[in-house]
Peer 1: 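I am attaching a structure below and will ask some questions about it afterwards.
The structure displayed is predicted, hence computed values, not measured ones.
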Amino acid sequence: MNTKQKIALLKAALYFNEVIKEGKISKAAQKNGIKPGNLSRIISEFETAAKIPLLQRGNKGVRPTNYGFKIAGLVLSLEQKIEELEKFIKISPNICLRYHASPGIILNSLEDFQRQHPQWQLLPCATPQEAHLAILSEEPAWECEYTCLQTPGNISQKLWITCKMDNPEAVLFYDFIILQLLS
């Protein structure tokens, strides 16, 4: 399947889920600024491609068939991935990320991250609560994940790493730090 075909499939699938959410083709069409006849044709073509009915049509609206429910679940997963992508596309070019590292934790790789994102400013901060990302050598009062690292000489060290996960730039920084610590 080429890109143009994938886009057409994605478009039809997203419209399909919109029809299910609204319960009527006319409502979904109105919500999306498309003529009901055009949306009905898109859905019919989607069903033809699936080679099985996806909607039960009635005078009170539409309902998905069992197979339609399965398709709707897959499309919902796609919608969530699209929303994630949308967050990362909207990453602002001029970002200030605050980080905190417990005493004794040396972050050698910050220069590498800075080279990859020269427009972003990385600032150390005094407390982990103020930080977008914090790397702690002791368990914090709040719940967070930890990782165990092997240091030279086979000494194991636990590190707690916290991140403001609602901030896509901080998540990108977090992923970078995790990869650096584990490599």
Side-chain angles (χ1 to χ4, degrees), residues 1-99 113 116-117 119-120 131-134 140 142-148 160-183:
M1 184 179 281
N2 65 34
T3 301
K4 187 175 180 179
Q5 292 167 323
K6 288 178 186 176
I7 290 170
L9 176 63
L10 182 60
K11 176 181 165 183
L14 292 171
Y15 276 137
F16 172 74
N17 263 22
E18 199 65 39
V19 168
I20 291 173
K21 288 175 197 170
E22 295 300 323
K24 291 187 175 194
I25 290 176
S26 59
K27 276 187 174 180
Q30 182 180 13
K31 182 178 177 183
N32 287 281
I34 185 173
K35 292 179 182 178
N38 290 343
L39 182 53
S40 183
R41 181 185 45 77
I42 290 169
I43 298 303
S44 293
E45 289 172 0
F46 189 50
E47 287 179 306
T48 300
K51 297 181 174 80
I52 190 166
L54 302 175
L55 292 174
Q56 295 173 345
R57 291 160 174 82
N59 51 357
K60 292 186 179 183
V62 296
R63 290 184 36 231
T65 62
N66 287 339
Y67 195 70
F69 269 119
K70 290 179 183 176
I71 298 268
L74 292 171
V75 176
L76 183 60
S77 296
L78 277 171
E79 287 177 329
Q80 291 167 344
K81 291 295 180 188
I82 290 169
E83 287 172 11
E84 283 180 43
L85 176 62
E86 189 176 33
K87 284 181 185 176
F88 279 97
I89 288 173
K90 290 182 179 178
I91 289 178
S92 176
N94 298 312
I95 296 295
C96 178
L97 289 173
R98 294 180 311 278
Y99 69 92
F113 186 82
Q116 292 175 18
H117 305 280
Q119 72 281 18
W120 294 5
H132 290 97
L133 176 88
W142 61 91
E143 187 177 323
C144 69
E145 293 184 24
Y146 71 90
T147 187
C148 229
W160 286 264
I161 303 170
T162 67
C163 178
K164 295 192 188 270
M165 292 297 193
D166 61 340
N167 181 316
E169 295 87 358
V171 172
L172 196 61
F173 188 35
Y174 171 85
D175 290 344
F176 177 84
I177 293 295
I178 292 289
L179 284 171
Q180 294 301 312
L181 290 172
L182 295 176
S183 61

Peer 1: Between F173 and I95, is there a side-chain heavy-atom distance shorter than 4.5 Å?
Peer 2: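 No - every pair of side-chain heavy atoms lies 4.5 Å or more apart.
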
Peer 1: Starting at CG of L85, measure out to CG of L78 and round the result to the nearest 0.5 Å.
Peer 2: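 It comes to 11.5 Å.
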
Peer 1: Tell me the salt bridge (Lys or Arg N to Asp or Glu O under 4.0 Å) pairs involving residues 55-75, sequence neighbours left out?
Peer 2: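 For residues 55-75, and leaving out neighbouring residues, the salt bridge (Lys or Arg N to Asp or Glu O under 4.0 Å) pairs sorted by first residue read E47-R57.
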
Peer 1: How would you list all residue pairs meeting salt bridge (Lys or Arg N to Asp or Glu O under 4.0 Å) that involve residues 34-44, not counting sequence neighbours?
Peer 2: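 Only R41-E45 qualify under salt bridge (Lys or Arg N to Asp or Glu O under 4.0 Å).
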
Peer 1: Restricting to side chain to side chain contact (heavy atoms under 4.5 Å, CB included), what partner residues turn up for A50, sequence neighbours left out?
Peer 2: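 Once residues adjacent in sequence are excluded, the partners of A50 under the side chain to side chain contact (heavy atoms under 4.5 Å, CB included) criterion are I52, L54, Y67.
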
Peer 1: Applying salt bridge (Lys or Arg N to Asp or Glu O under 4.0 Å) as the test, list every pair that has at least one member in residues 19-29; sequence neighbours left out.
Peer 2: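 Every salt bridge (Lys or Arg N to Asp or Glu O under 4.0 Å) pair that includes a residue of residues 19-29, provided the two are not neighbours, is K21-E79, E22-K31.
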
Peer 1: Find the distance between CG (L76) and CG (N17) and round it off to the nearest 0.5 Å.
Peer 2: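 Rounded to the nearest 0.5 Å, the CG-CG separation comes to 6.5 Å.
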
Peer 1: Return the set of residues passing side chain to side chain contact (heavy atoms under 4.5 Å, CB included) with I82 (not counting sequence neighbours), or none when no residue passes.
Peer 2: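 I82 satisfies side chain to side chain contact (heavy atoms under 4.5 Å, CB included) with L10, L14 only.
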
Peer 1: Taking all non-hydrogen atoms of both residues, which atom of N2 and which atom of K4 are closest, and how far apart?
Peer 2: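 The answer is OD1-N, 3.1 Å.
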
Peer 1: Indicate the ring-plane relationship of F16 and F46, choosing parallel, tilted or perpendicular according to the 30° and 60° boundaries.
Peer 2: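 Tilted.
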
Peer 1: Could you tell me which non-hydrogen atom of K164 sits nearest to which non-hydrogen atom of A131, and how far apart they are?
Peer 2: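 Nearest pair, atom of K164 first, then A131: CE-O, 3.1 Å.
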
Peer 1: Determine yes or no for a side-chain-to-main-chain donor-acceptor pair under 3.5 angstrom, with N32 supplying the side chain and I34 the backbone.
Peer 2: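 Side chain of N32 to backbone of I34: no pair is present.
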
Peer 1: To the closest 0.5 Å, what do you measure between CG (D175) and SG (C163)?
Peer 2: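 Nearest 0.5 Å value for the CG-SG distance: 8.0 Å.
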
Peer 1: Partners of K11 by side-chain hydrogen bond (donor to acceptor under 3.5 Å, both in side chains), sequence neighbours excluded?
Peer 2: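 By the side-chain hydrogen bond (donor to acceptor under 3.5 Å, both in side chains) rule, K11 matches no residue at all.
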
Peer 1: In Å and rounded to the nearest 0.5 Å, what is the CD1 to OG1 distance from I43 to T48?
Peer 2: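 Separation between the atoms: 11.0 Å.
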
Peer 1: Which heavy atom of I20 sits nearest to which heavy atom of A72, and what is that distance?
Peer 2: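 Closest approach of I20 to A72, heavy atoms only: CD1-CB, 3.7 Å.
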
Peer 1: Specify whether F113 and H117 have parallel, tilted or perpendicular ring planes, treating 30° as the upper limit for parallel and 60° as the lower limit for perpendicular.
Peer 2: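 The arrangement is tilted - the two ring planes meet at 30° to 60°.
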
Peer 1: Supply the atom-to-atom distance D166 CG to H132 NE2, rounded to the nearest 0.5 angstrom.
Peer 2: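 Reported to 0.5 Å precision, the distance equals 8.5 Å.
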
